[in-house]
Every structure is written in C-alpha cells, then in structure tokens.
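Quick caveat, the model's predicted, so the values are computed rather than measured.
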Amino acid sequence: MSHLDRITFARPGNLLDRAGHLRPKAAELMAAGNGAGHAFADGRVAVDLDGAKRLRRFPPGVLAAAAPEAPVFLGTIEGEPRFAADLTGLDEATLAGMLGPDAKFIDLRSISAELSATEAAIAATGKALLGWHSTHRFCARCGAASIVADAGWRRHCPACGAQHFPRVDPVVIMLVLLGDRVLLGRQQSWPPGLSSLLAGFVEPGETPEEAVRREVMEEAAVPVGRVRYLATQPWPFPSTLMIGCIAEALDEPITVDPTELESAAWVSKADMAEALQGNHPHIGAPRVDAIARSILAAWVDGEIEGF
C-alpha cells in the first residue's frame, strides 16, 4: 500500500455513507432507536478501553436525553444510522457514569492513527461538525440566535431567515523540491527538533497552486514554478482540508520570515529517511497522523517523482 493511501482520515475502506437523503428522517430514525450514537466532550471522543481502540457505541436515545442539543446525523454504515452528540458541559462524574469503567473520553489526535478508516471518518466528521455548531450559535448576518436544522448540517436564523452551513478551511501543504532535497520549516512553538513541510491557508479568490507559490515565497522567499496535486486529508482540528501538493523550487537561497517560521532548510532524501526512522540527530519528523509525514515517506520511498 502506498504511503498516500495511509493518510489518517483519508484511508481507503471508509464505509461512511453520508446519506443526505435520510437527513429529513433522522429524527424519526433516532426516536425509533435505530443505529448507534457516538459521544464527544471538549473535543474528545468516547473510546472503548478493550485494547482495540474502537469508538464507544451508545443508543441514540441515551445521547439525545443527555446532550444539550440534539445529536447530529453523520450518515449510515452499511445501512445502520450513526449519530454524534456533544456532551461538553456535563460534569465529569456524569460523563464517567455514562461511560462506565471500560471506556474513556480521549483526545482524537492521540488515537486517530489507530482507528479503522471508517471509525476515523466517523470521528473526524462528528468532531468537525459538532465543533462548528459550538462556535456558530449566532447568525453572522443579524446576530440573533440560530437553530440547528437539516439533522445538524445547517443552522437556520429564525430572525432574518439566513441559512448557515458547516465551513471547511482549505490549507495547502507542499513538498517543495530542489533536485533531491526538500524544503522543511520549523515553528518556534513546536517540540525541539521537529520540522515539517511548509503550509498555509488558501485565501479568497486564490487557487491552491497560487496559494502554494505565495506561501512559500512569504515564508521562505523561495520562488516556485510548477505545482501539482498529491493528496488531501480532512483535518478536524478544528475543520480544515489539507491539500497536499508537490512544488518545483526555482532557486536555492532561503530568507525566513521570522513571523512565520523560526528556521527553514533544504534537507536531503538520505537525511529525511533517517528522520522518518527516528534516527536523525537534529531533525524530528512530523507525527504519524499528519499528511506531511505520509508525503515525506512517499517521497523518500520513491513513490513521488520530482519535476
């Protein structure tokens, strides 16, 4: 299997069918007790502690009774409806009582790479969607309180009639190559030694290719020529879409913008291979669930050809 087929939240085999045609019937499905629910609290997800790292399943009615807002409908898994509920605000004793001794709320980032493709998709969708609701309770047009609609996939403003939909923020992340070397950057807030691919948000009116060229120039003053797409990764922290690209560097000198990066450097394929194995004395590789690591591993192993 290619490294690009192992990207967390984007692996093949995801069985989650968003089943948009069932959203108008989601309340009926939940009231009938059909399907399973998944619980989130403060960005954490409920996970079974049986050693297999599986998402805890709840009867949808149990979550509906406990959650401040109605659970959202995620879709179906082989015909079985799935829901997600935000239990943020409930005290720890109540949460512990719901879970029992064999489950726990765990930070999704710490377990995402261990989940199956389907459960990772459930967790990413639930976390991102519930996170959007928690930060968009008021209408951006008139300021009135909005209400959940369309089984959680829309918010409606009863005051002015505006409709609001979940947002996804596109981010480009780029394998910038100069011959057999890759451009890595480091932010001051990162753990010691950690370096990664340059990345940045796509701005309004901009294509991903234009964003790649702009971001690399802004952060490292390296001009970029050709750009092509590699892979994407939904990243629910809080809700971005990482757009992986390969980019052709046109010159070698680097001038770092200190407001963006602490440092940047050209790194050879041999050094990157050592870093990915955890053996490099100075360079630390990105975490295993990051698309940056998958792209770098694919490049080191010859799965990605340069220009």
Side-chain angles (χ1 to χ4, degrees), residues 3-4 6-11 40 42-45 47 53 104-115 120 123-124 127-128 131 169-178 181-201 212 215-216 218-222 230-247 249 254-301 304:
H3 289 286
L4 298 184
R6 301 173 188 166
I7 297 172
T8 301
F9 303 123
R11 296 194 301 272
F40 295 77
D42 296 310
R44 301 167 296 164
V45 62
V47 178
K53 289 292 193 304
K104 183 179 180 181
F105 281 100
I106 299 178
D107 176 32
L108 179 56
R109 274 174 284 206
S110 69
I111 61 163
S112 58
E114 302 176 56
L115 297 174
K127 186 180 185 308
D169 299 316
V171 174
V172 288
I173 182 163
M174 35 279 188
L175 182 78
V176 183
L177 298 181
L178 185 64
R181 294 180 293 167
V182 62
L183 179 61
L184 296 186
R186 169 175 168 75
Q187 294 185 10
Q188 187 173 12
S189 61
W190 290 353
L194 174 62
S195 295
S196 188
L197 302 178
L198 273 58
F201 287 96
V212 167
E215 284 287 344
V216 177
E218 288 178 357
E219 295 186 359
V222 173
L230 290 174
T232 54
Q233 179 188 42
W235 190 245
F237 307 105
S239 187
T240 57
L241 180 65
M242 306 298 295
I243 306 171
C245 298
I246 180 173
I254 297 171
T255 302
V256 169
D257 179 350
T259 65
E260 298 278 356
L261 297 174
E262 179 183 77
S263 61
W266 294 106
V267 175
S268 71
K269 185 174 287 190
D271 281 340
M272 195 67 245
E274 283 192 54
L276 289 168
Q277 294 169 4
N279 297 327
H280 199 282
H282 308 299
I283 303 172
R287 51 188 295 154
V288 296
D289 58 347
I291 189 175
R293 188 183 186 96
S294 297
I295 290 174
L296 285 166
W299 173 65
V300 165
D301 286 353
I304 298 174

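- Environment of CD in Gln188: sparse, with no more than 12 heavy atoms of neighbouring residues, nucleotides or ligands closer than 6.0 Å.
- The two residues Leu108 and Ala123 make their nearest non-hydrogen contact at CD1-CB, 3.7 Å.
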- [ ] In sequence, state the C-alpha distance, the side-chain angles, and the governing distance for Leu175 and Leu197, and then conclude on side-chain contact (heavy atoms from CB on, under 4.5 Å).
- [x] CA-CA 6 Å; Leu175 182 78; Leu197 302 178; 4.1 Å; yes
Task: Criterion side-chain contact (heavy atoms from CB on, under 4.5 Å) on Asp271 and His280, from CA distance to verdict - done: CA-CA 7 Å; Asp271 281 340; His280 199 282; 3.5 Å; yes
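- For the pair Met174 and Ile295, the minimum side-chain heavy-atom distance is 4.5 Å or more.
- In this structure, the separation between CE on Met242 and OG on Ser294 is 11.5 Å, given to the nearest 0.5 Å.
- Leu230 is not listed as a side-chain neighbour of Cys245, based on a closest heavy-atom distance of 4.5 Å or more.
- Counting heavy atoms of neighbouring residues, nucleotides and ligands inside a 6.0 Å radius, atom NZ of Lys104 does not exceed 12 of them.
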Open item on the list: What verdict does the side-chain contact (heavy atoms from CB on, under 4.5 Å) test give for Phe9 and Leu115, after you've listed the backbone C-alpha separation in whole Å, the side-chain angles of each residue and the deciding distance to 0.1 Å?
Closed with: CA-CA 9 Å; Phe9 303 123; Leu115 297 174; 5.8 Å; no
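- When atom types are taken as modelled, the side chain of Ser239 and the backbone of Pro236 share no donor-acceptor pair closer than 3.5 angstrom.
- For residues 255-266, the pairs satisfying side chain to side chain donor-acceptor pair (under 3.5 Å) are Arg186-Glu262, Asp257-Thr259, with sequence neighbours left out.
- Taking both residues in full, the closest heavy atoms of Ala220 and Leu198 are given as CB-CD2, 4.2 Å, listed atom of the first, atom of the second, then distance.
- Annotation: side chain of Trp299 is in contact with side chain of Leu177 (closest heavy-atom distance under 4.5 Å).
- With hydrogens and angles ignored, the 3.5 Å screen pairs a side-chain donor or acceptor of Arg293 with a backbone N or O of Leu276.
- A donor-acceptor pair is defined here as one N or O able to donate and one able to accept, closer than 3.5 Å; no such pair exists between the side chain of Arg181 and the backbone of Val176.
- The minimum heavy-atom distance between Ala199 and Glu215, with the atom names listed, is O-OE1, 3.8 Å.
- Annotation: side chain of Glu219 is not in contact with side chain of Val256 (no heavy-atom distance under 4.5 Å).
- In this view, Ala273 and Val300 satisfy the side chain to side chain contact (heavy atoms under 4.5 Å, CB included) rule, not counting sequence neighbours.
- With sequence neighbours excluded, the residues forming a ring pair (Phe, Tyr, Trp, His ring centres under 6.0 Å) with Phe237 are Trp235, listed by chain and number.
- In terms of heavy atoms, Ala231 sits closest to Leu4 at CB-CD2, 4.5 Å.
- Contact record, Asp289 with Ala113: CB-CB, 4.3 Å, taken as the closest heavy-atom pair.
- Note that the CE atom of Met272 and the CG atom of Leu296 stand 4.5 Å from one another [nearest 0.5 Å].
- Judged by distance alone, with hydrogens and angles left aside, the side-chain atoms of Gln233 form a donor-acceptor pair with the main-chain N or O of Ile291 at under 3.5 Å.
- Of the N and O atoms on the side chains of Thr240 and Asp169, not one donor lies less than 3.5 Å from an acceptor on the other residue.
- Among all heavy-atom pairs drawn from Ala265 and Ile254, the shortest one is CA-CD1, 3.8 Å.
- Expressed to the nearest 0.5 Å, how far CH2 of Trp190 lies from OG of Ser196 amounts to 5.0 Å.
- Put simply, the side chain of Val45 reaches to within 4.5 Å of the side chain of Ile111, judged on heavy atoms.
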